[in-house]
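Along the sequence shown, the residues carry numbers beginning at 1.
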Amino acid sequence: MNYIDKLETDSLKKEFLTFIETYGADALHQAMDSYINAQQIYICRTRTSTSKIYIKDISYIEVHKHIITIHTSHGCFQKYGTLNNELEHLSKYGFIKCSQNYIVPLAKVQTVTYQEVTLIDHTKITLSKQFAAKFLLAFNAHS
């Protein structure tokens, strides 16, 4: 089935084909994934409240004694839980563990060394030896 023929206007067909010629089909898939991911919502539930957070707004998530802190561009949210449960839910959106206490979205990572992850907002998070190799492979594949 040719989806391009189903586009409603000739100008839309032309823009679509020009995009594919210029950037390739992989870039189109990335753009569509990025758009879809930008619409995704993370629900932060506590005993007394429920907050909706756009996944694209999450900078990183940390845990300390089962208190999960979600750091976003709009402030911090807290709830009770485990980091592994959060990672299970968020890994499909590019989140990865960088230490026993932190997960970060690869899209928010600016620089990685063998000891540290620097996010685009200049936050520095320790990269533990246990997770360094997997993290670096994921970061290089994502870039």
Side-chain angles (χ1 to χ4, degrees), residues 2-4 6-9 11-143:
N2 189 348
Y3 292 104
I4 295 173
K6 293 190 179 268
L7 295 175
E8 293 179 11
T9 64
S11 64
L12 185 58
K13 285 181 191 178
K14 184 177 178 183
E15 287 179 44
F16 188 75
L17 291 170
T18 301
F19 185 94
I20 292 173
E21 285 176 20
T22 305
Y23 303 105
D26 286 343
L28 179 61
H29 285 285
Q30 279 183 324
M32 290 187 303
D33 286 345
S34 180
Y35 176 79
I36 290 166
N37 288 343
Q39 307 306 312
Q40 299 303 311
I41 293 176
Y42 173 90
I43 303 296
C44 180
R45 286 189 177 94
T46 67
R47 280 189 235 155
T48 59
S49 70
T50 300
S51 300
K52 289 182 178 181
I53 304 167
Y54 282 107
I55 290 176
K56 68 179 175 59
D57 292 339
I58 299 174
S59 299
Y60 64 98
I61 297 176
E62 69 177 306
V63 65
H64 182 69
K65 295 184 179 182
H66 293 285
I67 303 297
I68 303 285
T69 303
I70 301 104
H71 297 265
T72 75
S73 52
H74 306 289
C76 294
F77 299 84
Q78 289 190 321
K79 69 182 208 172
Y80 185 82
T82 67
L83 202 59
N84 285 336
N85 286 346
E86 301 306 307
L87 184 59
E88 187 177 312
H89 175 71
L90 293 168
S91 62
K92 64 185 168 193
Y93 302 110
F95 283 73
I96 188 165
K97 209 172 203 181
C98 57
S99 73
Q100 203 61 34
N101 298 349
Y102 291 90
I103 60 173
V104 299
L106 289 169
K108 301 280 178 122
V109 176
Q110 182 175 25
T111 308
V112 179
T113 67
Y114 282 100
Q115 296 89 21
E116 190 174 73
V117 174
T118 305
L119 304 179
I120 57 177
D121 67 359
H122 307 291
T123 301
K124 294 184 184 301
I125 298 172
T126 300
L127 177 61
S128 71
K129 289 179 186 179
Q130 177 184 358
F131 298 102
K134 184 177 178 182
F135 192 94
L136 286 166
L137 282 172
F139 178 69
N140 288 330
H142 184 266
S143 299

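Of all non-hydrogen atoms in S59 and S73, the two that sit nearest each other are OG-N, 4.3 Å. For the pair S99 and S128, the tightest heavy-atom approach, listed with the atom from each and the gap, is CA-OG, 3.7 Å. Here the closest heavy-atom approach between residue L136 and residue Y114 is recorded as CD1-CE2, 3.2 Å. Here the closest heavy-atom approach between residue A25 and residue I20 is recorded as N-CG2, 4.3 Å. Annotation for K92 and H89: closest pair CE-O, 3.7 Å, computed over non-hydrogen atoms. V112 approaches V109 most closely through the heavy-atom pair CG2-CG1, 3.5 Å.
Side chain of K56 to main chain of Q40: no donor-acceptor pair is present (N/O by atom type, distance under 3.5 Å, no hydrogens or angles).
The local environment of CD in E116 is crowded, with over 12 non-hydrogen atoms from other residues, nucleotides or ligands closer than 6.0 Å. Y54 OH: 12 or fewer foreign heavy atoms inside a 6.0 Å radius.
Between T123 and D121, the side chains place a donor N or O and an acceptor N or O closer than 3.5 Å (distance only, hydrogens not considered).
Using bins of under 30°, 30° to 60° and over 60° for the plane-to-plane angle, the ring pair Y102/Y60 lands in the tilted bin. Taking the six-membered ring for Trp and thresholds of 30 and 60 degrees, F19 and Y23 have ring planes inclined between 30 and 60 degrees apart.
Residues E86 and Y42 meet the side-chain proximity criterion, which asks for heavy atoms closer than 4.5 Å. Residues Q78 and I70 have side chains not in contact (no heavy-atom distance under 4.5 Å, counting atoms from C-beta outward). With a 4.5 Å cut-off on side-chain heavy atoms, K97 and N84 count as touching. Counting only heavy atoms from C-beta outward, the side chains of I55 and F95 approach each other to under 4.5 Å. Considering only heavy atoms from C-beta on, Y93 stays 4.5 Å or farther from I58 through its side chain. Within the 4.5 Å cutoff, no side-chain heavy atoms of V63 are placed close to those of T82. I61 places a side-chain heavy atom less than 4.5 Å from the side chain of L83. Put simply, the side chain of F135 reaches to within 4.5 Å of the side chain of V104, judged on heavy atoms.
Remark: K124 NZ to Q115 CD distance equals 12.0 Å, nearest 0.5 Å. Note that NZ of K79 and CZ of R47 are 14.0 Å apart. Values are rounded to the nearest 0.5 Å. Interatomic distance, F139 CZ to L127 CG, rounded to the nearest 0.5 Å: 11.0 Å. In this structure, OH in Y80 is found 14.0 Å from OG1 in T46, a value given to the nearest 0.5 Å. A distance of 8.0 Å separates CG in L87 from CD1 in I96, rounded to the nearest 0.5 Å. Atom NZ of residue K108 and atom CG of residue L119 lie 8.5 Å apart, to the nearest 0.5 angstrom.
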